[in-house]
Amino acid sequence: MAPKPARESLGDLEHLVLLAVLRLGDGSYGVPILEEIAARTGRRVSRPAVYIALRRLQAKGLLASRLGEATPERGGRAKRYFTLTRLGHRQLHASREALLSMWANVAHRIQGRP
Amino acid sequence: VIRPPRLAHRLLGARLAPDERDELIGDLDEQFARRAAAGARAARRWYWGQALALTWGFAVRRRDVVSTAHERTRGRLALENAALDWRQAARSLRRSPGFALVALLTIALGIGLSTSVFSVVNGILLQPLPVENAGRLVRLGEVEPQRGALFEGMINAGPAPRVRLRDVSAGVWQSTSETIAAFAPIRTGEVTVTTSAEPLRAVGAEVGPRFFDVFPIAPLLGRPLVPADDDPAASPVVVLTESFWSDRLGGRADVLDLQLGVDGVPMRVVGVIPDTLAFLEADVALLRPARFRYPSPGVTRNFIMSMDITARMKPGVTIDEVRAEGQRVLTTVASADPAFFDGTVPVPQAIVQPLQDDVVGPVRPALTLLFAGMVCVLIASGVNLASLLLARNTARQQDVAVRLALGASRWRIVRPLLFEQLILGGAGGLAGGLTAWWVVRLLPRFAPADLPRLAEVRFDAASLAFIAATALVTAVVVGILPAWQIPSRNVREFTASQADPAGRRGSGSAARSALVVCQVALAAVLLVGALLIGRSLWNLVRVDPGYRPDGVLTFQVATPDLVWRQTGRLDRFVAEVEARLRRHPGVVEVGHATAMPLHYGGNAGTLAIEGRPVDPDNRPRGQRLGVTRGYLPAIGMRLADGRWFGDADSPTSERVCLVNDVFAERFFPGESPIGHRLKVTARDFARIVGVVGSVRIGPLTRDAPPSVIQLATQQPEILGYVGTGAGFAVRASGEPEALISFVREQVRAVEPDWPVHNVERLDHRLGRTFAQPRFYALTLGLFAALAVSTAVLGLYGVLAYAVERRRVEFGIRRALGAGERRIVWLVTRRAAVLAAAGLGVGLGAAAAGARLLGAVLFGLQPLDPASYAGATALVALVVAAASWAPTRRALRIDPARALRVD
């Protein structure tokens, strides 16, 4: 299936997943991704939702994946490592730009008001 | 290393797609390993949660991501089509409420009745006994070879005529067995239980030391009996059953260590067990160690059979090996008594049979019969449903033809019909299930109480499975039928045949006729069965028991063991009670006997006739009965010849006796026995002074044995033969029940510690022996009535339809001058042909299956011509009833209107 051009904007969870992959770099597979999101956002993430987001991002061509090594604690099962594609980088960059421009000069208005 | 829950693991493996299994399960396992270090239980719980979320959430949502638009549309379409079909099916059922109701009733009745019978048969015959490894339990006994009955002289001291082991054989077998893991002798009898409150009468069991090894029953409270309790030096203990504890002792909490008096012996309660043993001994209230000493072989010729013996086979041992061992034991025992087993008397034959057969064997033929009847009813209701559907589809054919012409596939047309069936099957199954549940719940109220294992009959998972299976099979098999009916010919031809004025039989007519033949056949089978059973019951009711049971009260008095050794105490007691009872104005006559009718236990033995050489092949043997003078008139026996016992027959006068007519015919054929003398003890003779009618002591189905009746006052030691059947009979001038409290008072006045029990009207007791046959007859009668009514409906349907189709033809015939008789014949001919075919098939099937009935019938043969003739006549009546209305309609056809083509 050819990756579709990513014209639609990123969903909330998709955004988080992409950022997690970006942060984790070479070591980004399922477990660290789940934990990174959980640790940084402090919210309970649904396992199926994260995997589905990973699949969807791959289908959109924002992520690429390859099978990695197996470890004994995984019962000899391979990991699937994810990396950002060029498209993924571009999309993250675009969404960051968009968000930052939206945030410009308003951040002080919500300081101290959770 | 702590592993993830295996089941969850397997679930994931099965549900996840192969290309993502490794990744997902690997991630999960990795996290689990870390969590498990903190706490295994919490980690497992977490794993389960995650696994379930993955299998459902992921598998479902993934489809959105991956599936193509095409797949989505197709899926949605299929769903929408199914919904459409459901709606169509529901709508068409709503449009014809009559059809829906009749179909529903048919299914509900068929399923309800068959499930009830199934639950009974399953609970009684099929389910293993409610004991661990019940398949290894066997019942042991011995009989005389060839005769398959008790040896003369063997005394079966039990309440029911079961096959038993002689005590001497039981003793030897128990001490030498290599095939049996444990023996469980048991004997039961009524006992008097005294607590601080008033004394109770209950069934007590005495059991062998290892009884609870054979029947491992976990006690509700305390402990079961253990071998040490059987030691005569140990303090006496007793175990109660749950029902006795809760119903009779009020479920008191301090029951353990409670002191009870059992027949005067103080005993300590050590445990309470659940009522699991009801299949073995009904109503048993308490169990205590028997402390029974088995006689040694050879010391004495011992023919007493005290115990019912159940044994648990060792693992891996076959029943044949046990039987062979038993035969060796019996041979050993016989060889220790060469004086009796002198070569002319055969060594007894060991009987070893599975306990389950022993318990349910007596009702197996009858229940099998009910089951067969149930299958017939089920088929009949299926057939009925099928013919309803055919009729309905015939009416729909125009519609079907049009849809076919528009290009609908056969499947497309059949599908809503199938859905309709599923709705009917589902609703019918539900209604049937409720019916069955209700019938099974009420079963104890109308089923005969002596049906073994009745308490174990439940509406359970097996019943539910049976309902589901029958409902589904009915719906699908019957629902397929309409598919055959869909015309394969092209539409033009089809519509042409619809308009055929000659009224050729439309499609489906042959099928409907076949179904009617089927219905009539099933009705005939069930009618024959019901008539046979009914006539058998009638024969049973008509049996002359040899006495007049109405107006007679019988009761028994429990005497302490060995009281007969106290010379004179028993006969004084009997005389005193009789004298006191006679003083009541409502008492016509009173007497005592060593064995009363319908009470088991009695004494059989050989007799010698004075002046006749002993013929070893035809030794006179018979039942010996000891009575007081009032007994024979009290129960209303008939004198056939000679005289009754009289005032002159005193203890000092010549000993006299009566014989029954069976005895007279067998041993004095063609001559009168009166005046001959019988040898009744080693030294004494008794002169026969009269011949009486036969009294059936046991069940009515068993012929009366040759009997000798002696006068107890002349031979007091005969009272020592008291078996469990001994008791008093009182003939009352009014209602016998009115005497009950008087009887109790008078007995208490003579012997305050001897409890009165089994106080019952003799006619009621007799009536109870009909309970089982009546139950079978009623059930089969109900089945037959159902089958007959479906046959009537089916036949009526076919005829009415035929008349409708042939309106034009009949009109023309009338116009051309055909007489009424001719028209009647045209209509009924078809009914007669169908009924004759069905009757032929049905009577044939009934005759073939009648062997099943042989064991159940009394006084008639399975091929009893009257029953078959009766069934034929009833079917003829059915044909007449079913043809009545259609024939009338055919006669009322107005030629002028019929010929107007619409």
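In what follows, every heavy atom counts, from backbone to side chain, and hydrogens, waters and symmetry copies are set aside. None of these values were measured; they are calculated from a predicted model. Labels below follow one simple rule: chain letters A, B, ... track the order of the sequence lines, proteins then strands, and each chain is numbered from 1.
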* To do: Nearest 0.5 Å please: distance from the CZ atom of Arg74(A) over to the CG atom of Asp29(B).
  =>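 If I round to the nearest 0.5 Å, the distance is 8.0 Å.
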* Quick one: OH on Tyr51(A) to CG on Asp27(B), what's the gap to the nearest 0.5 Å? ->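 If we round to the nearest 0.5 Å, Tyr51(A):OH and Asp27(B):CG are 3.0 Å apart.
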* **Nearest atoms (heavy-atom pairs only) where Pro48(A) meets Ala53(B)** =>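 The answer is CG-O, 3.5 Å.
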* Flag for Arg47(A)-Gln31(B): side-chain donor and acceptor within less than 3.5 Å ->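 Distance-only check passes for Gln31(B) and Arg47(A).
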* Any side-chain heavy atom of Glu30(B) sitting closer than 4.5 Å to one from Lys79(A)? ->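 Yes, close enough: below the 4.5 Å cut-off.
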* Tell me, do Arg34(B) and Val31(A) make a side-chain contact under 4.5 Å, heavy atoms counted? ->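 In contact.
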* To do: Could you tell me whether Arg66(A) and Glu23(B) make a salt bridge, using a distance below 4.0 angstrom between a side-chain N and a carboxylate O?
  =>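 No salt bridge links Arg66(A) with Glu23(B).
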* To do: Can you tell which part of Leu67(A) gets under 4.5 Å to a heavy atom of chain B, answering side chain, backbone, both or neither?
  =>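 It is neither, since no heavy atom gets under 4.5 Å.
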